[in-house]
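We count ligands from 1, going down the list as the structure has it; atoms in each ligand are counted the same way.
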Amino acid sequence: MADIIRLLPDSVANQIAAGEVIQRPASAVKELLENSVDAGASLIRLVVKDAGRTLIQVIDNGKGMSETDARMSFERHATSKIRNADDLFNIRTKGFRGEALASIGAIAQVELRTKQHGEALGTLLVVEGSEVKTQEPCNCAEGTSFSVKNLFYNVPARRNFLKTDAVELRHIIEEFQRVALPHHNIGFSLHHNNTELFNLAPCNLRQRIAQIFGSNYNERVVPVEEETSIVKIKGFIGKPEFARRTRGEQYFFINERFIRNAYLHHAVQMAYEELLPQDSFPSYFILMEVEPKSIDINIHPTKTEVKFEDEKFIYSILRSAVKRSLGKYNISPTLDFEQETSFNVPPLPKDKTIHAPVISVNPNYNPFAKEELDKIPSSKEFLKSKFAEKYFSPQTAQGTGEKEFGQHVEKGLEEGAEQKKKNHQLHGRYILSHIKSGFMIIDQHAAHERILYERFSDMLEKQKAHSQQLLFPQHITFNQSDFELAKELLSEMRALGFDIEEFGKSTFIVQGVPAIVPENNARQLLENLMEQYKQNLTGLKFEKRESLARAMAQHTAIRPGKTLSEQEMDALVDELFACKMPYSSPSGNPTLITFSLEDLEKRFKK
Ligand code: ADP
Ligand code: MG
C-alpha cells in the first residue's frame, strides 16, 4: 500500500503555527512591541490603520539587525535570545521562542527596515506569505521598523473572524498598555488612523499609570512595596473607595511581563477583605520580580500564564504587602492636610493625654510558618474553588426547566389574584410575596434588572427615549481606550436618553441622562456603564445594543439593601410579571423562587 504521510511545506506549517501566536491584530502588536523592548529601544512608536487590519507599524531606536540577522529573523525557531535548553530557565527577555516573526511573515505582507548603530547602510526586507520578495541595502534610521500590512490576507477564515474595529482597537490598546506600563522608562506613542491616542514620555511608574489611565489615578492609588529573597514587589493599589463594581484596572507583571493569574488576584482581593463593598473589585498595578529560574513562562502560547515554584510564599507575601499598604495609607481616616486649618478641634479635657493611634500587630506572627502556609490553598486547589469559577467564567444563562417553572408561578399568581396582595421586604434584599399555592421570594435587584433590561432594549429598538436635563452639564474625560469605545456607542447612548456630545480629544459633555434612571451622577453612571460594557464585551459575545442594554440594567437596577415602600414593592412585582421573561435576570440568575404549601407542610412533619 502507498504511504500517505507527507511533511508539510514550511509556508503551510508556518501558517498553522501562526494561528497559535497571532490570533488578531493585537497579538502582532504585542510581539512587535516586545521585540523592540528586547532590542533595548528607548523610544517605540506604534502606528495602526483600521484597527490593525491594513497596517501595524512598529518603529524603534533599538540595536537593529545585521543583514543576515534580518533574513534569519523570519525563520521559525530563529532567535538571538536563547541558545540551549538551560537558557529556558533563565529568561530575561520578552521573547525566546523565535516564532513571532515567522508567524507574522506567514500571514501578512511585511516590510522590515533595520540598521545597526554606526552602520552606513541598513537592510530592507520584504516578506509575503513566508516568501522573501525583496532583500536589499537601504537608507534608514538606526533601529528597526516593521510594517505589517494586510494581516490574514491569505487566511480568510481568520480575517472574517475579526470583530469590529472598535473591539480590535481596544485589544490593541490593551496590549499597548500592558507593555507600556512596566516599561515606564521607555517612551511610547500610538497613532490610529492619523489620530494620536497616546504619547507617553519616559517617567516613573506612578506617572505612567496617570499618563495611561488619567491624572485622577494619582490620588486613587497608594504604593505597595516589599522586598524578600523570593520576590520583590512594587507597584500601586487602588484605594478601597475607588473600587468598582466591575473589574477595573488589574495588572500583574512578573519580571515586567504582563500575566493573568486568578490565584494572585485572590491574594490581593483577600487583603482588601472587609474594606471593599460586596462585589466590587480593586484596581492594582503590581510588578513582581523573581528569579527567572523560579518560574516557568513556557506553559502558554502567548506567555500570559506563568507557573511559580514558590506559589504559596508569593501568595502570602503579596497578601501581606497589600494589607500593610492599605493599613498604612488607608485604614485610618485620611486627613486632608491642606484643609486642616478649617477643622474645629474641641479642646481636650485637662487630665487627658493623647496617644497616637496604634495598629496592633502580633510580633510573633510569621506568615511563613507552616501552619500559616497550610491555610493558603495551592493554586491547584484554588482553581477548583468557587472564586476561580467566578473569575474565569462570566455567568451563562441557564434555561433548564424555566418554562415549566414559569407556568407554575403564573398559575399561582392567577389563583392568588383575588386574595389581597401583600408583599414584605426581607433584609432589604428580597420581597416575600403571597401566592395562592404558597409564597415566592423575589430578588429585588435581579427583578429590577430584568425590568430595566427589557425597557432599555425596547428603547434601543424604537430609538425613542426621554431624557432628563442636568442642571449643570458635566464634562467627562475618559482614558483613550474607553473614549474610543464610547465614541462607537454614542448613537445607542442617545437612544437610551443620554444627551451627550464629543468635546475635545478624550472628553464628552453630558447635558442629560435617561429619565428612567434615578441617579443623577452622570459621571459615575457613564464610567460604570463603560466598565460594565467592557466586561460584557470580553466575557460573553453580545452585539453592541444587547451589551449596552445589559450594562445599563446591571448598573441602574436597585441595589440590595434599598428599603422599598409597599407601593414600590407592588409596582416591582407587577412590572416583573409584565416582562417577556420574568423568571430570570438578563445574566441568567433566577429572579424568584417559589415555595408551595405542600413543601412547607412537608418541612413541618417529622
Ligand atoms: P524571539 O523574540 O522569540 O527571539 P522573534 O520571531 O520575535 O523571536 O524575533 C526573532 C529575532 O529577530 C529576535 O530574536 C531578534 O534577534 C530579532 N529581532 C526581532 N525584532 C527586532 C527588533 N525590533 N530589533 C532588533 N532585533 C529584532
Ligand atoms: Mg519576539
Residue, atom name and distance, where the atom is the protein heavy atom closest to [atom]:
| atom | answer |
| --- | --- |
| atom 25 (C) of ligand 1 | Ala39 CB, 3.6 Å |
| atom 12 (O) of ligand 1 | Ser73 CB, 3.3 Å |
| atom 7 (O) of ligand 1 | Asn35 ND2, 2.8 Å |

Should the heavy atoms of other residues, nucleotides or ligands under 6.0 Å from [atom1] of [X] be counted, would the total exceed 12?
| X | atom1 | answer |
| --- | --- | --- |
| Asn84 | CG | yes |
| Glu67 | CD | no |
| Glu225 | CD | no |
| Arg158 | CZ | yes |

Based purely on interatomic distance, does [X] place a nitrogen or oxygen under 3.5 Å from a nitrogen or oxygen of ligand 1?
| X | value |
| --- | --- |
| Glu31 | no |
| Leu101 | yes |
| Lys63 | no |

Any idea which part of [X] is under 4.0 Å from ligand 1, heavy-atom wise: side chain, backbone, both or neither?
| X | result |
| --- | --- |
| Thr144 | side chain |
| Phe96 | backbone |
| Ser80 | both |
| Leu32 | neither |
| Glu99 | backbone |
| Met65 | side chain |

Which residues and atoms, protein N, O or S only, are under 2.8 Å from the Mg ion (ligand 2)? Asn35 OD1
Among Lys94, Lys63, Arg92, Lys81, which one satisfies side chain to side chain donor-acceptor pair (under 3.5 Å) with Asp38? Lys81
Counting heavy atoms only, which of Gly98, Ala78, Ala102 comes nearest to atom 10 (C) of ligand 1?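 Among Gly98, Ala78, Ala102, the closest heavy atom to atom 10 (C) of ligand 1 comes from Ala78.
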Please determine whether a side-chain nitrogen of the Lys or Arg among Arg76 and Asp10 lies less than 4.0 Å from a carboxylate oxygen of the Asp or Glu.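 Looking at Asp10 together with Arg76, the answer is no, because their closest N to O distance does not fall below 4.0 Å.
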Fit a plane to each ring of Phe146 and Phe74, take the angle between them on a 0 to 90° scale, and name the class: parallel (under 30°), tilted (30 to 60°) or perpendicular (over 60°).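 Because their plane-to-plane angle is over 60°, the rings of Phe146 and Phe74 count as perpendicular.
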Can we call the ring centroids of Phe176 and Phe198 under 6.0 Å apart? yes
